[in-house]
Amino acid sequence: MLDYSTLKIIWWLLVGVLLIGFAIMDGHDMGVGTLLPFVGRSDIERRVVINTVGPHWDGNQVWFITAGGALFAAWPIVYATAFSGFYWAMMLVLWALFFRPVGFDYRSKIHNAAWRSTWDWGLFIGGVVPPLVFGIAFGNLLQGVPFHFDDYLVSTYTGSFWQLLNPFALLVGVVSSAMITLQGGTYLAHRTEGVLQRRAIQGAIGAAILLTVTFIAAGFWLQHIEGFRITSVIDMGALPDPLGKTVVREAGAWMGNYAKQPLLWLLPALGIAGALLAASLLLARWTLTAFVASSLAVVGVIGTAGASMFPFIMPSSSMPDASLTLWDSVSSHLSLAIMLWATLILLPLIVMYTSWTYRVMRGKVTVAHIEANEHSAY
């Protein structure tokens, strides 16, 4: 069996992989939903857009469910504290996600313009709200979340929902939204043709430019934000104890890992280069390669966030010593080991069946296809 400290690192990496998988796979579904009202100008065009993701969106949500389950199983204290502090934000995400299954299933059941338009905007809400809220939540993590523990390790959140909507967090929310919209735009460009493809490309290029500008701006801003740094000696193999360390806040502390490991600068470079490369490839109509480049941008952006905060997961602004890290907020040694084996078995299966479904249902979705399958298409 792997030692405890190694398993802690492995699970930090695995949660990151699951979050990246969610952003790439379910992210392009949400990105298509974000672009739906703007790319599709008529009912038949919007049906084409919806049918590019209709057969896959529910399967892609496995990444979201798995990431949430991994967070609960690997970092239970983080799960409990985050869902207490971000309760209304998470409820907003869930309410927005409710529009997706109902919208996909019922949108075309009735041939009525008002009915279909309502569900189109519902799918838009289900696409645009989750990445925006997730970005805002992460922007607050970088600034520290106002929570503390009592002697029984019961956490208390002292902030409010409206405090989450601060300028830096909103900027990070825009970064997240632009990243997901780019992912959706490149996928939509690959699955459509003609005027729909041209509009998808325009939307994706706009998202790539917005992602690049806001990502760079957030990076410069982050250098002036008070980050967190552990000053005490950490026993990486010790049992979880969130209160067993000393943490200080310093301006620019989130840049410390880049000074220690300069190779980490490849991550933000990948985020910027991936977005710009995706835009360039879309101009050349190399849509599949553009989707790969967009996916690399997702890896770069999320990887940058993880590398900046390491080893912190949920810093506390009101009680810095209670900040949650990957060393002191994890499950037991046995739990991490059992879950690792389960993941090594099940994750390849998820990748395999997802790849198979995309291979079987590959190709362009056209107006002619929708008209020929009026009752079976979404």
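Throughout, numbering of the chain's residues begins at 1 and tracks the sequence.
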Open item on the list: Taking Glu250 first and then Arg229, would you say they form a salt bridge - that is, a charged N and a carboxylate O separated by under 4.0 Å?
Closed with: yes
Open item on the list: Listing request: all ring-ring contact (aromatic ring centres under 6.0 Å, His included) pairs with a residue in residues 66-86, at least two apart in sequence or in separate chains.
Closed with: Phe72-Tyr79, Tyr79-Phe83
Open item on the list: With a 6.0 Å cut-off (strictly less than), is the heavy-atom count around NE2 of His224, excluding the residue itself, greater than 12?
Closed with: yes
Open item on the list: For Ser294 and Gln183, which I'm curious about, is there any donor-acceptor pair between the side chains at under 3.5 Å?
Closed with: yes
Task: Sequence-distant partners of Arg249, salt bridge (Lys or Arg N to Asp or Glu O under 4.0 Å), two or more places apart - done: Glu226
Open item on the list: Can you classify the ring geometry of Trp95 versus Trp88 as parallel (below 30°), tilted (30 to 60°) or perpendicular (above 60°)?
Closed with: tilted
Task: Aromatic plane relationship, Tyr358 with His56 - under 30° parallel, 30 to 60° tilted, over 60° perpendicular - done: parallel
Could you pull out all donor-acceptor pairs under 3.5 Å where a side-chain atom in residues 260-270 meets a protein atom, sequence neighbours excluded?
none

Open item on the list: With a 4.5 Å cut-off on side-chain heavy atoms, are Leu97 and Met30 touching?
Closed with: yes
Open item on the list: Are Glu45 and Arg199 packed together at the side-chain level, in the sense that at least one heavy-atom pair is separated by less than 4.5 angstrom?
Closed with: yes
TODO: Would you indicate whether the side-chain heavy atoms of Leu14 and Ile10 approach each other to under 4.5 Å?
DONE: yes
- [ ] For the pair Asp120 and Arg47, find out whether any cationic side-chain nitrogen is under 4.0 Å from an anionic carboxylate oxygen.
- [x] no
Task: Mutual orientation of the aromatic rings belonging to Phe134 and Phe22 [parallel < 30°, tilted 30-60°, perpendicular > 60°] - done: perpendicular
